[in-house]
Number of protein chains: 2
Amino acid sequence: MTRYSEIKKILKSHKLRVTDGRVDTLEFFLRQAKTLSLKDLEKEFKNSDRVTLYRTLSSFTEHGVLHKIPDDSGHATYGLCHDTCSSEDHSHDHMHFKCNECGTIECLEQNIPVVKIPGYHVKEANLILKGICKTCAA
Amino acid sequence: MTRYSEIKKILKSHKLRVTDGRVDTLEFFLRQAKTLSLKDLEKEFKNSDRVTLYRTLSSFTEHGVLHKIPDDSGHATYGLCHDTCSSEDHSHDHMHFKCNECGTIECLEQNIPVVKIPGYHVKEANLILKGICKTCAA
DNA sequence: TTACTTTTGCAACAGTGTTGCATATAGACA
DNA sequence: TGTCTATATGCAACACTGTTGCAAAAGTAA
């Protein structure tokens with residue numbers, strides 16, 4: 001199976017139309033194997049329109065290909081979802097790590113511990129750790 | 001002790017010059033007893049310049065009067081620090097709660113559990129819970 | 001191929017955050 | 001209290017992200 005047909009299959013399985021831009025974007029995510037921001041995409045695809053890339057990220061997120069990582073800096077970052085994600089079931093309980101040196105945001109395997117607070121209905125939890133990542137620390 | 005002299009004392013103890021704008025801003029934080037954003041201040045102090053309010057928040061944060069709460073929406077929110085905070089020692093390990101209904105962000109008493117990841121140097125952790133707050137749930 | 005739906009590219013705008021600079025003001029000291 | 005110096009303020013201006021509307025282009029299904 002070629003890379004292209006594989007990517008096409010992913011898009012279709014998430015009910016997304018196969019367009020050049022989407023194939024390129026998804027391929028980039030798969031190749032980089034790390035979280036990316038709109039800015040990263042803009043740098044990589046200089047000929048593409050910013051709005052199109054923005055909408056690509058939105059539709060990918062909506063259809064469960066990517067998940068949006070809440071970044072305190074206000075620069076949204078996106079990471080690939082597990083295979084099991086879809087627009088219907090789109091859950092992520094893992095924590096994220098942001099490196100202060102290289103700026104990379106990584107998805108960690110560890111899940112966020114469940115916190116209960118009397119009187120509150122907790123529905124969602126975002127835990128972002130910061131420090132020096134494995135690569136930069138080495 | 002009047003409110004004003006109390007506020008003045010707080011500013012001075014954090015090595016901040018006492019100006020009308022700073023007194024008003026700090027008084028507002030103390031009176032509201034909740035986290036506030038630049039927007040909230042703009043609404044409250046319509047005659048004040050946005051930039052001045054912005055810089056007031058910055059200097060308060062820098063000198064340990066307020067702490068900046070990382071909000072995923074990109075709208076920075078600020079909360080009063082403990083009495084013990086200063087520009088030198090400025091640590092916050094508590095978690096925050098954002099209500100999906102009223103939008104309020106609260107500081108919780110509970111501290112964030114320490115997470116260790118092999119190979120990583122974790123220096124900071126931000127945990128934001130979302131759901132329905134005590135007031136809205138009642 | 002045709003017809004229909006979705007995506008793209010472009011223009012344009014809102015909001016937040018941010019800096020530079022001249023002026024006003026606070027705090028310190030004589 | 002008056003003077004001086006460092007700091008804060010107000011204004012203009014800009015960068016950047018996110019966002020929407022709309023006409024043209026492209027994908028998909030029959």
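Letters go in sequence order (proteins before strands), and every chain restarts at 1. Here the structure is a predicted model, which is why all the values come from computation and not from measurement. Atoms considered below: every heavy atom in the structure, side chains included; atoms not considered: hydrogens, waters and symmetry mates.
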query: Atom CG of Asp24(A) to atom P of dT7(C): distance rounded to whole Å?
result: 16 Å
message: I'd like to compare against my own output: the B/S/- annotation of nucleotides 22-30 of chain D with a strict under-4.0 Å heavy-atom distance to protein.
response: -----BS--
task: Check each residue of residues 97-104 of chain A for a non-hydrogen atom within less than 4.0 Å of any atom in DNA chain C, then write out the ones that pass by number, or none.
output: none
message: Among residues at least two apart in sequence or on other chains, which ones pass salt bridge (charged side-chain N to carboxylate O under 4.0 Å, His left out) with Glu124(A)?
response: none
field: Partners passing side-chain contact (heavy atoms from CB on, under 4.5 Å) against Lys12(A) (at least two apart in sequence or in another chain)
entry: Val18(A)
message: Could you check whether any side-chain N or O of Thr35(A) sits under 3.5 Å from a backbone N or O of Ile105(A), counting only pairs where one atom can act as donor and the other as acceptor?
response: yes
query: In residues 35-45 of chain A, what residues come within less than 4.0 Å of DNA chain D, judged by heavy atoms?
result: Leu38(A), Lys39(A)
task: Could I get the full list of side-chain hydrogen bond (donor to acceptor under 3.5 Å, both in side chains) partners for Tyr120(B), not counting sequence neighbours?
output: Glu106(A)
message: Taking side-chain contact (heavy atoms from CB on, under 4.5 Å) as the criterion, tell me which of Val51(B), Leu53(B), Leu57(B) meets it with Arg55(B).
response: Val51(B)
query: dT7(C), dG10(D), dT16(C): which one has an atom nearest the side-chain heavy atoms of Arg22(A)?
result: dT7(C)
- prompt: NZ of Lys15(B) versus P of dG27(C): gap in Å, rounded?
  reply: 15 Å
field: Closest to the Val51(B) side chain, choosing from dT17(D), dT19(D), dC11(D)
entry: dC11(D)
- prompt: How about Phe28(A) and Phe45(A): are their ring centres within less than 6.0 Å of each other?
  reply: yes
message: Is it the case that dG10(D) (base atoms only) and Arg50(B) (side chain only) share a donor and an acceptor within less than 3.5 Å, ignoring hydrogens and angles?
response: no
message: Determine whether a donor-acceptor pair (N or O, by modelled atom type, separation under 3.5 Å) exists between the side chain of Asp24(A) and the backbone of Gly21(A).
response: no
- prompt: Counting only N and O atoms by type, is there a donor-acceptor contact under 3.5 Å from the side chain of His94(A) to the main-chain atoms of Gln110(A)?
  reply: no
query: Tell me: CG of Asn47(A) to P of dT8(C), nearest whole Å?
result: 15 Å
- request: Using whole Å, report how far NE2 of His75(A) lies from C1' of dG15(C).
  value: 14 Å
message: Taking Leu11(A)'s backbone N and O only, do any of them form a donor-acceptor pair with Arg22(A)'s side chain (distance below 3.5 Å, no angle check)?
response: no
message: Does dT17(D) have OP1 or OP2 under 4.0 Å away from a side-chain N or O of Tyr54(A)?
response: no
message: Under 4.0 Å between a side-chain nitrogen and a carboxylate oxygen: does that hold for Glu42(A) and Lys46(A)?
response: no
- prompt: Between Glu44(A) and Lys39(A), is there a side-chain N and carboxylate O pair less than 4.0 Å apart?
  reply: no
field: Side chain His67(B), main chain Gly79(B), donor-acceptor under 3.5 Å
entry: yes
field: Value in whole Å for how far the P atom of dT17(D) lies from NZ of Lys68(A)
entry: 13 Å
field: Between dT18(C) (P) and Glu62(B) (CD): distance, integer Å
entry: 12 Å
field: For atom CG of Leu53(A) and atom P of dT8(C), their distance in whole Å
entry: 9 Å
- prompt: Nearest-Å distance, CG (Asp49(B)) to P (dA13(D))?
  reply: 14 Å
